[in-house]
Each structure stands twice: as structure tokens, then as C-alpha cells.
There are 2 protein chains.
Amino acid sequence: METASTQNNECPVARTLDVIGDRWSLMIIRDAFDDIRRFSEFQKSLGVAKNILASRLKALVEVGVFDVRPASDGSAYKEYVLTEKGQEIFPVVVSLRQWGERFLFEPGETRSVLLDNASGQAVMPMEVRSASGAKLGPLDCHRLRRVDGES
Amino acid sequence: METASTQNNECPVARTLDVIGDRWSLMIIRDAFDDIRRFSEFQKSLGVAKNILASRLKALVEVGVFDVRPASDGSAYKEYVLTEKGQEIFPVVVSLRQWGERFLFEPGETRSVLLDNASGQAVMPMEVRSASGAKLGPLDCHRLRRVDGES
DNA sequence: CGATCAGGTTTTTAATTGAAACCAGTTTAG
DNA sequence: CTAAACTGGTTTCAATTAAAAACCTGATCG
């Protein structure tokens, strides 16, 4: 599944894409945020071939994004639930969603929107911010190669 | 390139992944945020086959993420620069990066980090927020199907 | 003028995807 | 209690896609 070129890459973006960056993984995770847990539910929702779904779920479990556990309804079947690591993908999915909402829909076109349960209002657009809270664009940042844990 | 199943999907996440959700597109865009502009620079940075790079750049230009224009150094060659639509992918790339930094590196391992030019400090972790500014987790939100522009 | 470089395209081969059939264990309906 | 249907897959095979390498055209450099 992983390519040797990106696997040991020191760029975190590359590593992330290697783990969850294929066509279906992020769709599966999106569904999981919508409380889908069982194989057949994922398959119905996504329309993906069962062999592909099986291989993706297996990979996502191996990498620690999902846990497999007995179904909560007491049946003998399994369910796939996001680990904390998986839940923390939420900002990625929301930023993908917001970009699509803004640039990929015609005015008047039907779409699904993400609402805050408490207020019923749409969530805020996500922004990159500096330590002091200022909004940062791509030109306000730079990458630096660094060893973690250095003094 | 696009699948019929996701193309007319009303889920913005699905549409976004259809446009920029393949193995290389987001890597190309990440490089663009790092001021890479020319074909040969992308190729050298990514190590991707030239035909794949060419097809991705072409698709990304068609979809309005990149503009092609004459090289800024006055030579007869081209360069690929992000449109506004492309620049707005920044939050997606940063959230991918931050997830990878947090979950995909061992302590002490070399990585690249993203710093604010002004302060030299790392950027803040991205968060999903409600209209009132409260941090929202996946359980605090729900999706709703809606027609845009309704009164 | 010849060599080299930028920016691809074409060809060929390898890997991945997806559809469909199949299958074992589980649950439900009668 | 038994047959039918459902769950969660695996296997097989055809078709699509990706990747490597060779090739090509025009631009630039020496």
C-alpha cells in the first residue's frame, strides 16, 4: 500500500497521505464521523466494492485509525469505531468539506452542510493561525527541517 | 479521472476528494505552497514520473487550482502558480501536516515543521469551531442536506 | 553549430481497482 | 426446527491506472 518514497519521508504531509490519502480512506472516515460503524453500512453508503472496503478497513485498523470491537447491539458481528487518533482527523475532513462547499458547488445546488448541534448554525471556516492568533496565509509561513525533541 | 459516483455527490468532502484527493495532487499543492513553480522542480522534489506529473498538473489547471503563465525569470518556459482557489487549500494541507506530526512520528525523529515567518514560532493546531468560537469535536456536529440559497 | 535542458508524449509493463461469484457463520421468519 | 436471508468477508478475473523508460521538440547555453 505505502510507497517507499513517501513512507520514510520527513514531511508530515507525505506521511499522512500515505496512511489516509487514498480515494476511499477519507470517505470511510467521513462516514465514521457520521456514526457509521458496520461493514455493510459503509458499503451501502459508499457504494465501494467489498474487497476494496475490506482492504481499506483492515489497513486503517492496522494503522490505528479504527478499532474493531463487538457490535454494541449485542449481536455477534463487529463494528469499526474511530480511535482517538482517528477522531483527530476531524479537522482534515472539515477543511476538505469547507473547500468543496466554497469552490465546487454552483449557487442553488443541493449540498450537505455541517452544523453545530448546540446552536444549529454552520461551523466557522477553518483558518491557520499563528501562536498569537493572527490568521496566516501560505506566504506567512515557511517549512523548516528539524529534529524533534532537540533542546 | 473522476468517478461518476462521487462526481455529482452532494457531499462536499466527496467532491473535493474527487478533484484533489489522489496520491499526487496534494503533494504537488504542498510543494506549490513551498514556492515550487516549475515542472522540473516539482519532478525533482516529488520523484514522480513525468507523465503522471504532466497529467496531474493539466487536471489541476483545468479545475482552476493552478494557472499556467510565462516564467517570471523571463525565459520562454512556463510556471505553475496557485490561483486563489488553490491557495485556499492551505488549511487542508496544514491539517494533514499537523495530524501527521502528532501521530506519525516517533519522538526524536527528524521532521519538517511549519513556522510563522513573523514570530518564528510553530503555527497553532487547527481546530473546528462553532459560530460562537467554541471548539467542536466530531460528536458536536451533524450533517444536514440542504439546498443552497434557500430563504 | 553542437550539446544540453525544459517540458512534455508515447510505449510498454506492473500494480491497482472494481464487479461478480462464492462462502462460512449468524440471525430471522415461519 | 429449518429454510431463507443477512453479515462480513475472500477469491477470481477483467479492465483501468500508475509507473518506468525511451523518445521527441523547441529553447538555451557554450
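Per chain, numbering begins at 1; letters A, B, ... match sequence-line order.
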Starting from [atom2] on [N], measure out to [atom1] on [X] and report it in whole angstrom.
X	N	atom1	atom2	value
B:I28	D:dA18	CD1	P	12 Å
B:D73	C:dC5	CG	C1'	13 Å
B:F39	C:dC5	CZ	C1'	13 Å
A:K44	D:dG8	NZ	C1'	16 Å
B:M27	D:dA19	CE	P	12 Å
B:Y80	C:dG7	OH	P	8 Å
B:I36	C:dA6	CD1	P	14 Å
B:L46	D:dA18	CG	P	15 Å

Original post:
side-chain hydrogen bond (donor to acceptor under 3.5 Å, both in side chains) with B:Q43: which residues, sequence neighbours excluded?
Top reply: none
Subject >> A:R15, A:R146, A:R145 screened by side-chain hydrogen bond (donor to acceptor under 3.5 Å, both in side chains) with A:E10, the one that passes >> reply: A:R145
**OP:** List the steps, then state whether side chain to side chain contact (heavy atoms under 4.5 Å, CB included) holds for A:Q98 with A:V123.
**Re:** CA-CA 9 Å; A:Q98 289 180 345; A:V123 304; 3.5 Å; yes
Original post:
Are any of the side-chain nitrogens in B:E127 or A:R129 under 4.0 Å away from the carboxylate oxygens of its partner?
Top reply: no
Original post:
Who passes salt bridge (Lys or Arg N to Asp or Glu O under 4.0 Å) against B:R143, sequence neighbours left out?
Top reply: A:D31, A:D34
Original post:
How does protein contact run along nucleotides 25-30 of chain C, one letter per nucleotide 5' to 3', with B for base contact, S for sugar-phosphate only, - for none, heavy atoms under 4.0 Å?
Top reply: BBS---
Under 3.5 Å, which protein N or O atoms sit close to an N or O of nucleotides 20-24 of chain D? Give each pair with its distance.
residue	atom	partner	partner atom	Å
D:dA20	N6	B:N51	ND2	2.6

Does a side-chain N or O of [X] approach OP1 or OP2 of [N] to a distance below 4.0 Å, or not?
X	N	result
B:K78	C:dG8	yes
A:R56	C:dT17	yes
B:R23	D:dA19	yes
A:W24	C:dG18	yes
B:R38	C:dA6	no

Ring pair (Phe, Tyr, Trp, His ring centres under 6.0 Å) involving [X] - partner list, sequence neighbours excluded:
X	result
B:F33	B:F90
A:F39	none
A:Y80	none

Original post:
If you pin B:E41 and A:I52 to their nearest nucleotides in DNA chain C, which one's is more 5'?
Top reply: B:E41
**OP:** Share the residues that join A:Y77 in a hydrophobic cluster, the rule being Ile, Leu, Val, Met, Phe, Trp or Tyr side chains under 4.5 Å apart at the heavy-atom level.
**Re:** none
**OP:** Name the nucleic acid region contacted by A:F42, choosing base, sugar-phosphate or nothing; use a 4.0 angstrom heavy-atom cut-off, strictly under.
**Re:** nothing
**OP:** With sequence neighbours excluded, give me every ring pair (Phe, Tyr, Trp, His ring centres under 6.0 Å) pair touching residues 99-130 of chain A.
**Re:** A:W99-A:F103
